[in-house]
Structures are given as C-alpha cells and as structure tokens.
*Asks:* 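Sending over a structure as structure tokens; questions will come in a sec.
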Amino acid sequence: MEGSGRSSERYETGLVSRDGTPYVLITNGWGPGFGNHTVSWEGTSFTVESMSGSAGSMGQPASYPTVFCGRYSVMEVPDCGLPAPSRSITSLRTGWRWAKNGNEGEYNAAYDIWMGNGTRLQGYLMVWLRDPPSYQPAGQPNAAHQGVTVANVPGTWNIWNGMVNGLPIVNWVRAEGNDSYEIEFDVMDFVRDAEMRGLSVPGDQVNAVAVGFEIWEGPITNLKSVDFYVDVN
C-alpha cells in the first residue's frame, strides 16, 4: 500500500496504489444533506473516522467515500488497466474486504461499476454487500430475479433495476441482515449475468470499478474499507 492522507474536505482526491497498481481515492461528500466528515487512507484502505449528514429530499446519500480504478467521477484516471473494451477482457478480477466496526446505521457497502464507451458513462452496475434498514437501490425490485445466484460468485442476490440520472442501472443486493464482509469475483460474470437476464446496460467498455460506502445518515465512526484490488487481464 502506498499513498496516505487524512482530510476533512468535502471533496478531496488522493492518489494511491496497491502492489504498484495506481488507484484514486475520493472523499466524495456529494449529497445535498452532507454535513461533515473526516476520512483517512493508506493505499486502497480507507477509514471514515467520522461523518454526519442526512439523506437528500430525493433520497440521495449524503456521501460516498470511494476508491476506484478507471475513468470515474473526477478528472484523475489511474493507469490501472481500465477503461477497457469488454470484448478484450479475459478476466476482470476484483476483491474487497471491509469492516463495519460497530456501525449498524443507514449505509451500504457497494461496488459501483461504470459501463460506457471509455470516455462517456452509459450505464451502471452495482453490487451491494450490505443493504441498510431504510434505503434501497435505484429502480425497483425485479420480481423475476429475487434470491438468485451469479455464476462463479458466492452468495445469493436480489436484483433491482431501473434508471438513475437518466441512465439504466442494474443492482445485485444482498438481503438485509446478510452482509458480506469479504468477496472476490470476476466483474465480467456480473456483466454476463445481466445480459443473460435481459437486463444489460449500454456500453461496450468497462469504464471503472469502484468500492465504497453510500452513507445516508450519520453519525458514522471508524467505518473501514480494509483492502481492495482490481486485476485486469
């Protein structure tokens, strides 16, 4: 792990790396109900030391502190292998481990996978490892795809799909109370799962793979992303 820092800025960017591969961390207090936070990081590990805020009037999270590989929501694009055309990817392995450290509140722990043409975002895939008590993914639960499995991926999932910010989104969500604190998978297995179910989103490239915590309500103390990697082949 290389690259460390600590910030209480609403929007702070940190250049970090893991095993020589570059990533970017963003503190990302983007929601209208954001109050304040302090985030510290070392490499792809980061801790939300403290956070206060509330959901927006349209149900927006107050913040989404995130670390990512690829072309995401800031100008910085780490040279990590993404964006890449889907047809050229043999595998897109990723792993994430996180720790709630006593936080039982209104936040998720989620992958955010951006699909597009390499520069333009065209759709979202999200993988929720934690479903909070009072807030849900964008879209609606898909009645035909509840309690499903994804090839080569551990666990069962409830699929929600619809539109967000005018773009299609597909969410795979662990059932509430069945949090997953560690996972490894091939992102392309989720891309193929969406296609198999007729829920694919536009875009012939994987623009970015990000992980973090969408936080709707504070207080949050010492919520930790322990480790994260992306390996593009």
Side-chain angles (χ1 to χ4, degrees), residues 1-19 21-78 80 94-114 126-137 174 179-183 208-230:
M1 297 287 195
E2 294 185 355
S4 61
R6 184 173 184 266
S7 178
S8 297
E9 293 295 322
R10 184 172 185 175
Y11 300 107
E12 181 74 28
T13 299
L15 305 180
V16 300
S17 67
R18 180 189 188 278
D19 292 338
T21 299
Y23 299 81
V24 175
L25 176 134
I26 49 178
T27 57
N28 205 20
W30 70 271
F34 175 80
N36 58 72
H37 64 194
T38 298
V39 179
S40 58
W41 62 91
E42 182 175 2
T44 62
S45 171
F46 69 88
T47 302
V48 184
E49 297 182 7
S50 63
M51 182 273 177
S52 67
S54 58
S57 60
M58 302 297 290
Q60 307 98 317
S63 67
Y64 183 36
T66 308
V67 62
F68 69 88
C69 160
R71 184 178 296 276
Y72 198 57
S73 59
V74 296
M75 293 294 294
E76 290 79 5
V77 183
C80 64
T94 182
W96 187 28
R97 185 167 70 251
W98 65 281
K100 66 179 182 180
N101 290 335
N103 291 281
E104 302 289 352
E106 301 294 352
Y107 68 93
N108 71 10
Y111 271 87
D112 192 17
I113 300 159
W114 282 21
M126 293 194 76
V127 180
W128 287 36
L129 305 187
R130 181 181 193 268
D131 185 18
S134 303
Y135 296 91
Q136 302 296 344
R174 294 303 300 266
D179 303 352
S180 175
Y181 298 103
E182 183 172 358
I183 195 169
V209 175
V211 294
F213 306 108
E214 290 184 300
I215 304 171
W216 280 267
E217 297 178 12
I220 292 291
T221 304
N222 293 326
L223 180 61
K224 186 175 182 65
S225 174
V226 179
D227 194 8
F228 167 65
Y229 78 87
V230 174

*Asks:* Is the backbone N or O of T44 less than 3.5 Å from a side-chain atom of D227, with the two atoms forming a donor-acceptor pair by type?
*Replies:* no
*Asks:* Where the side chain of W98 meets the backbone of S180, is there a donor-acceptor pair that is under 3.5 Å apart?
*Replies:* yes
*Asks:* Side chains of W114 and S73: does their closest heavy-atom pair fall under 4.5 Å?
*Replies:* yes
*Asks:* Would you say the side-chain atoms of N108 pair up with the backbone N or O of W128, donor to acceptor, closer than 3.5 Å?
*Replies:* no
*Asks:* How close do G29 and S63 get, heavy atom to heavy atom, and via which atoms?
*Replies:* CA-CB, 3.7 Å
*Asks:* Minimum heavy-atom separation for C80 to T21, with atom names?
*Replies:* CB-CG2, 3.8 Å
*Asks:* Counting N and O atoms only, with roles assigned by atom type, does the side chain of R130 sit under 3.5 Å from a partner on the main chain of D179, one being a donor and the other an acceptor?
*Replies:* no
*Asks:* Say whether, by atom type as modelled, one donor and one acceptor occur between the side chain of S134 and the main chain of E106 under 3.5 angstrom.
*Replies:* no
*Asks:* Quick one: pull up CD in E42 and CD in E2 and give me the separation to the nearest 0.5 Å.
*Replies:* 9.5 Å
*Asks:* Let me see the working for V24 and L15 under side chain to side chain contact (heavy atoms under 4.5 Å, CB included), right down to the final yes or no.
*Replies:* CA-CA 5 Å; V24 175; L15 305 180; 4.0 Å; yes
*Asks:* What's the separation between atom CZ in F228 and atom SG in C69, rounded to the nearest 0.5 Å?
*Replies:* 7.0 Å
*Asks:* Under 6.0 Å from the CZ atom of R10, do we count more than 12 heavy atoms belonging to anything else shown?
*Replies:* yes
*Asks:* What is the ring orientation for F213 with W96, classed by angle as parallel under 30°, tilted 30 to 60°, or perpendicular over 60°?
*Replies:* tilted
*Asks:* Looking at every non-hydrogen atom in both residues, tell me the closest pair between N101 and N222 and how far apart they are.
*Replies:* ND2-O, 2.8 Å
*Asks:* Identify the two heavy atoms, one from P32 and one from G56, that lie closest to each other, and give their separation to 0.1 Å.
*Replies:* CG-CA, 3.8 Å
*Asks:* Where the side chain of S4 meets the backbone of W41, is there a donor-acceptor pair that is under 3.5 Å apart?
*Replies:* no
*Asks:* Mind checking the CD-CD1 spacing from E76 to I26? Nearest 0.5 Å is all I need.
*Replies:* 9.0 Å
*Asks:* Once rounded to the nearest 0.5 Å, what's the spacing between atom CE of M1 and atom OG of S45?
*Replies:* 5.5 Å
*Asks:* Under a 4.5 Å cut-off applied to non-hydrogen side-chain atoms, are Y107 and L223 in contact?
*Replies:* yes
*Asks:* To the nearest 0.5 angstrom, please state how far the CD1 atom of I113 sits from the OG1 atom of T94.
*Replies:* 8.0 Å
*Asks:* Where does the angle between the aromatic ring planes of F34 and H37 fall among parallel (under 30°), tilted (30 to 60°) and perpendicular (over 60°)?
*Replies:* perpendicular
*Asks:* Using only atom types and a distance under 3.5 Å, with no angle test, would you say the side chain of T38 pairs donor to acceptor with the backbone of E49?
*Replies:* no
*Asks:* With rounding to the nearest 0.5 angstrom, report the CE to CG distance, M126 to D112.
*Replies:* 4.5 Å
*Asks:* Does any non-hydrogen side-chain atom of R174 lie less than 4.5 Å from one of D131?
*Replies:* no
*Asks:* Please give me the minimum heavy-atom distance between F46 and G212, naming the atom from each residue.
*Replies:* CZ-CA, 4.1 Å
*Asks:* Name the orientation class of the two ring planes belonging to W216 and Y135 (parallel below 30°, tilted from 30 to 60°, perpendicular beyond 60°).
*Replies:* parallel
*Asks:* In a check of side chain to side chain contact (heavy atoms under 4.5 Å, CB included) between Y72 and each of V209, V67, V77, T66, which one passes?
*Replies:* T66
*Asks:* Would you sort out whether S52 and N36 count as a side-chain hydrogen bond (donor to acceptor under 3.5 Å, both in side chains), showing the intermediate values?
*Replies:* CA-CA 5 Å; S52 67; N36 58 72; 3.1 Å; yes
*Asks:* Can a donor-acceptor pair be found, under 3.5 Å and without considering hydrogens, that links the side chain of Q60 to the backbone of M58?
*Replies:* yes
*Asks:* Does E217 reach the main-chain N or O of G105 with its side chain, forming a donor-acceptor pair under 3.5 Å?
*Replies:* no
